[in-house]
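Just so we're on the same page: letters track the sequence lines, and every chain starts at 1.
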Amino acid sequence: MCGRFTLRATATQLVEFFDLFQPVELPPRCNIAPTQQVAIVRQTPSGRDLSLLRWGLIPSWAKDAKIGSSLINARSESAAEKPSFRSAFKKRRCLIPCDGFYEWEVISGQKVKQPWLIGVGDTPVFAFAGLWETWHDPAGVAVETCSILTTSSNELLRPFHDRMPVILDPADFALWLDPAVQTADPLLPLMAQFPADRMHRYRVSTVVNSSRNERPECAVPLDSAAQ
DNA sequence: CCAGACGTTGTT
DNA sequence: GTCTGG
DNA sequence: CCAGACGTTGTT
DNA sequence: GTCTGG
């Protein structure tokens, strides 16, 4: 599954990979956590646009924002039907740029979990499949939120979880973002497991365990010689 | 009709 | 907002 | 996802 | 144990 990730790509890399219609410079992030601002790519009439919104989808009908922190992921198999996600799945799909995500290994007898950083080998940046939504707080202020879709894990991720984030192939970006597509049928094949042989992983420092730590050290290989 | 739920994950 | 349960 | 808190009252 | 905050 996916609860923490990195985005250190430059504006140029983002423009090229996502075909953005205007560049956006983002500060490098090594430890993006739920409830924080994340960058998403949306299709607008002018082109593909990058904006920042809160991670943890709050359905439009929610009475308070709390539910958002438990909706950081959405199951791809059911998002089209679930009340919390179906409206967003139909009309508000997005890409979530990423260049690595963390998984934690539970080692028996050890209290502290060992984090790993997972990457896609052949691209400097890649895309999670995401959904976004608008919620209005009690004062009427609009809050935009998002969620990352999940699928069953491939061999590389299975040691950590039975779920992994949906990673989209750039060839599928246009269909995923197409506002005219409002049914799950043509989208289901896009949400398959990303192949394990195109991904890699390495251990990183437990510094990343606390979402308060944003230092670059979070994403540095622990023992590069041994990996 | 109204009231109440609406989600994911991991762990046991 | 929309569906399910009573 | 993990870390960290987990409470009430009255007074300032 | 469970919820909240980041």
Here the helical stems involving DNA chain D, each at least 3 consecutive Watson-Crick or G-U pairs closer than 3.5 Å, sorted by first residue number, are D:1-6 with E:1-6
Notebook entry, point to check: When all nucleic acid strands are considered with a 4.0 Å heavy-atom cut-off, which category describes A:Trp61: base, sugar-phosphate, or nothing?
Noted result: base
Is there a side-chain contact between A:Arg163 and the phosphate of B:dT9, meaning an N or O under 4.0 Å from OP1 or OP2? yes
Checking A:Tyr202, A:Phe160, A:Trp104, A:Phe101 against A:Trp116 for ring-ring contact (aromatic ring centres under 6.0 Å, His included), the one that qualifies is A:Phe160
Within residues 71-93 of chain A, the residues having a heavy atom closer than 4.0 Å to DNA chain D are A:Ile72
>> Angle between ring planes, A:Phe128 versus A:Phe126, binned at 30° and 60°: parallel, tilted or perpendicular?
In response: perpendicular
Checking the side chain of A:Trp135 only, and the main-chain atoms of A:Ala62 only, is there a donor and an acceptor separated by less than 3.5 Å? yes
Looking across every strand, which nucleic acid part, if any, lies under 4.0 Å from A:Asp162 by heavy atom: base, sugar-phosphate, or nothing? sugar-phosphate
- Base, sugar-phosphate, or nothing for A:Ser210, non-hydrogen atoms under 4.0 angstrom? sugar-phosphate
* **Parallel, tilted or perpendicular: ring planes of A:Trp176 versus A:Phe89, cut at 30 and 60 degrees** => perpendicular
- Message: Counting the atoms with a prime plus P, OP1 and OP2 as sugar-phosphate, which does A:Ser147 contact under 4.0 Å by heavy atoms, base, sugar-phosphate, or nothing?
- Response: nothing
Using OP1 and OP2 only, check whether a side-chain N or O of A:Lys66 sits under 4.0 Å from E:dT4.
yes
